[in-house]
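Proteins get letters first, then strands, A, B, ... in listed order; numbering begins at 1 in each. Every value quoted in this text rests on a predicted model; they were computed, and no experiment measured them.
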There are 4 protein chains.
Amino acid sequence: MPAKSSSDKQGGRTFIESARRAQIVDAAIVVIAEQGYAGASFAKIAKQAGLSSTGMISYHFKGKDDLIREVVAEVMRVNGEFLLSKMDTEASVLGRLRLYITARLALLDEYPKHQRALQTIVNAVHNEDPELRGLTPAMTALATEQERRIRVGQEQGEIRQLDPRVLVLAVNGALNEATSRAAFDPDFDTAACARELADLFDRAARKQ
Amino acid sequence: MPAKSSSDKQGGRTFIESARRAQIVDAAIVVIAEQGYAGASFAKIAKQAGLSSTGMISYHFKGKDDLIREVVAEVMRVNGEFLLSKMDTEASVLGRLRLYITARLALLDEYPKHQRALQTIVNAVHNEDPELRGLTPAMTALATEQERRIRVGQEQGEIRQLDPRVLVLAVNGALNEATSRAAFDPDFDTAACARELADLFDRAARKQ
Amino acid sequence: MPAKSSSDKQGGRTFIESARRAQIVDAAIVVIAEQGYAGASFAKIAKQAGLSSTGMISYHFKGKDDLIREVVAEVMRVNGEFLLSKMDTEASVLGRLRLYITARLALLDEYPKHQRALQTIVNAVHNEDPELRGLTPAMTALATEQERRIRVGQEQGEIRQLDPRVLVLAVNGALNEATSRAAFDPDFDTAACARELADLFDRAARKQ
Amino acid sequence: MPAKSSSDKQGGRTFIESARRAQIVDAAIVVIAEQGYAGASFAKIAKQAGLSSTGMISYHFKGKDDLIREVVAEVMRVNGEFLLSKMDTEASVLGRLRLYITARLALLDEYPKHQRALQTIVNAVHNEDPELRGLTPAMTALATEQERRIRVGQEQGEIRQLDPRVLVLAVNGALNEATSRAAFDPDFDTAACARELADLFDRAARKQ
DNA sequence: CATGAATGAGTGTTCATTCAT
DNA sequence: AATGAATGAACACTCATTCAT
């Protein structure tokens, strides 16, 4: 068995290379969350990461697009894991909806910077940078899956006749708004908000 | 009756000065809506406005803050007028809520760039530009008023026991999400979305 | 005798024209004294003069050079008048030297902004603006006259053998330094400084 | 013994970094001396230094303040070294005064641009750039030390009763004036001026 | 693998000046 | 005689990116 070396690879990248990328991505998340998208220059990210030059970042990422994409991927990976862990047992559609709302708001306490960063990126990038459009498919895929679930609930008689797309839109819109609010209002009570929102959309969607 | 001259003033500004400012504000709205906040440089705005230099903009506005503030003010003026014209007769709280949702979505057809620009600015500015925080009070004031209305509805037995702040958050979150969606999905049916959302929040809020 | 009209001229300029020029020159003196040469933009001078646009200044002066030259001329006129009024009776060269020193320092109390403005201009303009070199002749002429006087004093046995140019240089250098000091040290005692400097140069120049 | 590399540091800066900074500071000294403070734009300094862009300067200095401060520090370092080397043996106060005058004027031959640049900066910065006020303390400290020396001379009976502050003011004023003169009069004889000034202030200050 | 140095386009802003009215 | 509007060059400064070492 050969000795561990810096050229051991995982996913086409050496160990140390992956570590550096992760370090930079983490720094980027913090800077974006705290300083906004426009404030997230390579200089500031390098400083946050404890690197001495921006060249470092350009060396590990093909461009700013690449870095931002990685940030989004990382946040979605973390969120996905968390959400999955909260939902896997529940069977009913309305129950899953309630769990989703609760879990999304729990994320605000668990990974506040991640949520803020993701939202900042999505808002900033929406139309500006054509190279970055590629990040939304992953999010629309999620929405599509949610809509499918709602339809199942309608077929099973759990959920009233409504446009599933609009319900999904409303739920996610409300959750995003809560994310914004939580970022600036330190007194924002995520648990209470979760209960209220869950009740609210339960009533809105439940048959009868 | 004195002859009209270029030095006639209104609100401390020359006629032509006001016209130029309006022209620049309009150009800024378009650029911000289409290219995002980061893409809205003086150079691009000047080009959109058909001006030959960015100095022109600096000549008419004290700084970028000033311009952005004017953009926000203009959008809120237009929106405010439109919303008021749609709401003044209705008496019941739930009725007003329905009208508000419908009117907000109608704005997407009436002034799509305005909505997109406002949303872009609010998102971008939230934490980035401390000079511009001053624009949010006007919007929180609106939210506070909406919460007050909901409380009235609760006292009158129209609306069930719920946290008014959360209902307002959810409604506005959904409307903002719809605004985002409409900006990129040309097939987005605002009228249908309005009906669905109105029903949704009516059910969510109505007593029994 | 014809009625007074705005086209009455003096020195090739109408009355009102001269008044405007004087008003602008006065404003320029204040701004230059308070904000320095680089800070003395047409915009600031216009504001200080209570004018609404910088075009006004360009209209009355051929260029910035022209304005600055006028400022220098005005200060030297005022200073010249004051100095003459203080010196005309004294006969001895050393006496005149003492009077000159005293009068120059008295000017700091009488017209502080004028002195500060003149010094600022001379320092800033020395080599920068070739168009403005023309203002120094007037000042070198003064120095030459002072040197001539010293020579007279030497011939009359009042003043010891020394290079008159160096004495004049030293006296004026000391006075300029005092002007600088007075501008920033509110406790600077011009009268005391005048007595000390007068004694100092009297001893330095007096025969035996 | 490790090989020399570009990352060898001294004083927290790379070797080549320090070299570039020195190169830029030298260029700045020349430009300021020749074109004045207002004329000393990054563009002109970059050109003088043979650099292709002004970004270079911003890369090596935090801002214009930083560069100017460095220029002042460099000139004062050079001057300080030179003055110290000329004065260390002399004991009597009047002797030291004579040496100081001579050395200051010798500096005009040794480092003419340095003197011109320093004077230009001090004059320009006095009231204009509040960020740069911090450079004067170093110079007032020098003056205070000189005044102290004069007082010692008075206690030792070498120097007559006079206000030491005024003597120091006069000496430095005269030396500054000579610096100005030397900058524009190529025939200015610094050595002769030094002898004359030394005699002049010796007589002015000496007891009896 | 890493980095310090360099680049050049782009940022918002100020400037003296011109000109039609 | 006066002025508001416009101009375009210049300003210091930041940016993501490249590259030799």
Pairing residues for A:Ser58 by the side chain to side chain contact (heavy atoms under 4.5 Å, CB included) criterion, not counting sequence neighbours: A:Phe42

Side-chain donor/acceptor contact of B:Thr54 with base of E:dT11 under 3.5 Å: no

May I ask you to verify if any side-chain N or O of [X] is less than 4.0 angstrom from the OP1 or OP2 atom of [N]?
X       : N      : result
D:Ser58 : F:dA12 : no
B:His60 : F:dG4  : no
A:Arg20 : E:dA2  : yes

Listed once per pair and sorted, the side chain to side chain donor-acceptor pair (under 3.5 Å) pairs that draw on residues 40-51 of chain B, sequence neighbours left out: none

Contact nearer the 5' end of DNA chain E, comparing D:Leu51 with C:Gly63: D:Leu51

Sugar-phosphate only, base, or nothing, as touched by B:Ser53 at under 4.0 Å among non-hydrogen atoms: base

Among F:dA16, E:dT11, E:dG8, the one nearest A:Ser41 by side-chain distance: F:dA16

Round to the nearest Å and state the distance from [X] atom [atom1] to [N] atom [atom2].
X       : N      : atom1 : atom2 : value
A:Asp66 : F:dT18 : CG    : P     : 12 Å
C:Gln23 : F:dA2  : CD    : C1'   : 13 Å
B:Phe42 : E:dG12 : CZ    : P     : 6 Å
D:Tyr59 : E:dA5  : OH    : P     : 5 Å
A:Lys64 : E:dA9  : NZ    : P     : 20 Å
C:Met56 : F:dA1  : CE    : P     : 10 Å
B:Asp65 : E:dG12 : CG    : P     : 12 Å
C:Lys44 : E:dA16 : NZ    : C1'   : 14 Å

Donor-acceptor pair between B:Arg20 and B:Gln23 side chains, under 3.5 angstrom: yes

Decide yes or no for [X] and [Y]: does some side-chain heavy atom of the first lie under 4.5 Å from some side-chain heavy atom of the second?
X        : Y       : result
A:Lys113 : A:Glu34 : yes
C:Val125 : C:Arg69 : no
B:Val25  : B:Phe61 : yes
A:Tyr37  : A:Ile68 : yes

Contact nearer the 5' end of DNA chain F, comparing D:Gly55 with B:Gly55: B:Gly55

Most 5' of D:Lys62 and B:Ser52 on DNA chain F, judged by nearest nucleotide: B:Ser52

Pairing pattern in dot-bracket form [Watson-Crick, G-U; both distances under 3.5 Å; | = partner strand] for DNA chain F: .||||||||||||||||||||

